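The structure displayed is predicted, hence computed values, not measured ones. In this chain, residues are counted from 1 in sequence order.
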Amino acid sequence: MNLLPAVTNSGSLIGLGDTRSQQPLDNGCMQRIQEIDGELTKLFRGFEQTAQRLEFQPLGDLLQVNLDSIQFSGLYFLEVWSSPYGAAMLDDWLSCFTATWNQEEFKKSFVPSCQKARMAKHTAVHEWMPLYLGKSEKVGKRVGEHLYLAANTRTFALKLKARNLLEGNRYRLSVLRLDVANYPVLAPKIESALRRKHLPLVGRQ
């Protein structure tokens with residue numbers, strides 16, 4: 001085994017215990033990252049309020065929408081007709097809804113569950129109740145997955161047909177197109193803000 005010290009290009013010796021060559025170079029990159037972080041913090045002040053003023057474009061009955069016509073980046077919002085779940089009293093309605101949607105046989109099928117924290121913030125039963133809110137770079141394709149994916153696929157989705165949640169139910173679809181260069185940065189923040197505004201009943205988050 002060679003135990004001789006290494007020689008640098010300048011002719012100096014680096015001993016076995018010398019760790020200078022292992023130290024990360026500080027070329028100002030982290031400082032610049034921190035500056036950008038500070039600039040973003042300023043830019044995002046008040047962003048929540050701005051995002052919550054955005055309005056979805058209603059498209060109507062989910063099964064009647066031409067999904068090929070909405071293959072753009074943005075957010076989508078699904079509402080469910082409240083009538084099939086019967087009761088006019090909110091607590092009774094939510095109990096019936098939860099029993100229908102938290103199906104035991106699909107708990108391991110990558111489907112969203114009822115979100116009790118958001119449910120608790122609702123105050124009344126309306127004709128249309130907020131069901132699910134999401135984002136995608138191809139909204140039409142993603143909505144199609146919520147409709148038609150098989151129960152055993154590992155993609156997270158509502159899987160409405162596979163779970164027998166289409167028959168006897170009605171759904172309404174609205175969309176929000178995001179024509180922005182920084183979609184990966186902005187879309188999650190807008191999604192979170194609108195989720196807090198609309199309080200969808202089911203979701204992964």
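Taking NZ of Lys108 as the reference point, atom CG of Asn152 lies at 15.0 Å (rounded to 0.5 Å). With values rounded to the nearest 0.5 angstrom, Cys96 atom SG is found 13.0 Å from Asp91 atom CG. Rounding to the nearest 0.5 angstrom, the gap separating the NZ atom in Lys189 from the CD atom in Glu191 is 12.5 Å. Interatomic distance, Leu173 CG to Leu63 CG, rounded to the nearest 0.5 Å: 10.5 Å. A distance of 9.0 Å separates SG of Cys114 from CG of Leu131, quoted to the nearest 0.5 Å.
Within the 3.5 Å criterion, the main-chain N or O of Leu158 finds a donor-acceptor partner in the side chain of His146. The closest donor-acceptor contact from the side chain of Arg172 to the backbone of Gly60 lies at 3.5 Å or more, if one exists at all. Not a single donor-acceptor pair under 3.5 Å links the side chain of Glu79 to the backbone N or O of Met129. A side-chain donor-acceptor contact under 3.5 Å links Trp93 to the backbone of Ser82. Using modelled atom types, one side-chain atom of Lys197 and one backbone atom of Gln52 make a donor-acceptor pair closer than 3.5 Å. Remark: side-chain polar atoms of Thr153 are not paired, donor with acceptor, to backbone N or O of Leu149 under 3.5 angstrom. The backbone N or O of Thr155 lies less than 3.5 Å from a partner atom in the side chain of Lys159, making a donor-acceptor pair.
Across every non-hydrogen atom of Ala151 and Ala162, the tightest pair is N-CB, 3.6 Å. Here the closest non-hydrogen pair linking Glu105 and Ser109 is O-OG, 4.2 Å. Heavy atoms only, all atoms of each residue included: Ala51 and Ala193 are closest at CB-CB, 3.6 Å. For the residue pair Ala157 and Pro112, the shortest heavy atom distance occurs at O-CD, 3.4 Å.
The aromatic rings of Phe44 and Phe47 lie perpendicular to each other, with more than 60° between the two planes, well past the 30° mark.
Between Arg32 and Glu35, at least one side-chain nitrogen of the basic residue sits less than 4.0 Å from a carboxylate oxygen of the acidic one, meeting the salt-bridge criterion. The pair Glu127-Arg170 fails the salt-bridge criterion, with no side-chain N (NZ, NE, NH1 or NH2) lying under 4.0 Å from an Asp/Glu carboxylate O.
Counting heavy atoms from C-beta outward, Tyr171 and Leu166 have side chains that approach closer than 4.5 Å. Proximity of Ser113 to Asn102: side-chain heavy atoms (C-beta onward) are separated by under 4.5 Å at one or more points. Inter-residue side-chain proximity for His198 and Arg195 is flagged as unmet; no heavy-atom pair is nearer than 4.5 Å. Side-chain contact between Trp128 and Leu78 is absent, with no heavy atoms from C-beta onward closer than 4.5 Å. Under the 4.5 Å side-chain criterion, counting only non-hydrogen atoms from C-beta, Lys141 is not in contact with Val139. Using a 4.5 Å cut-off on side-chain heavy atoms (C-beta onward), Lys161 and Leu147 make no contact. Residues Val111 and Arg163 meet the side-chain proximity criterion, which asks for heavy atoms closer than 4.5 Å. Looking at heavy atoms from C-beta onward, Leu40 lies out of side-chain contact with Val185 at the 4.5 angstrom threshold.
Following chains of ILVMFWY side-chain contacts shorter than 4.5 Å, one cannot reach Phe106 starting from Leu201, and the two form parts of different hydrophobic clusters. The hydrophobic clustering, which links ILVMFWY residues whose side-chain heavy atoms are closer than 4.5 Å, places Val125 and Met89 apart. Val65 and Trp81 are not part of a single hydrophobic cluster, where members link through side-chain heavy atoms under 4.5 Å apart. The hydrophobic clustering, which links ILVMFWY residues whose side-chain heavy atoms are closer than 4.5 Å, places Leu75 and Phe77 together. Both Leu59 and Leu160 are part of a single hydrophobic cluster, where members link through side-chain heavy atoms under 4.5 Å apart.
With Tyr85 as the partner, the side chain to side chain donor-acceptor pair (under 3.5 Å) test is satisfied by one option alone out of Thr98, Thr100, Asn169: Asn169.
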Between Phe97 and Val202, does the side chain to side chain contact (heavy atoms under 4.5 Å, CB included) criterion hold? Intermediate values first, please. CA-CA 10 Å; Phe97 178 87; Val202 302; 3.9 Å; yes

Would Gln57 and Ser174 count as a side chain to side chain contact (heavy atoms under 4.5 Å, CB included) here? Give the steps. CA-CA 5 Å; Gln57 174 192 355; Ser174 300; 5.9 Å; no

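Annotation: cation-pi pair Lys135/Tyr76 absent, no NZ/CZ under 6.0 Å from the ring centroid and within 45° of its normal.
Aromatic rings from Phe156 and Phe110 are positioned such that their centres are separated by 6.0 Å or more.
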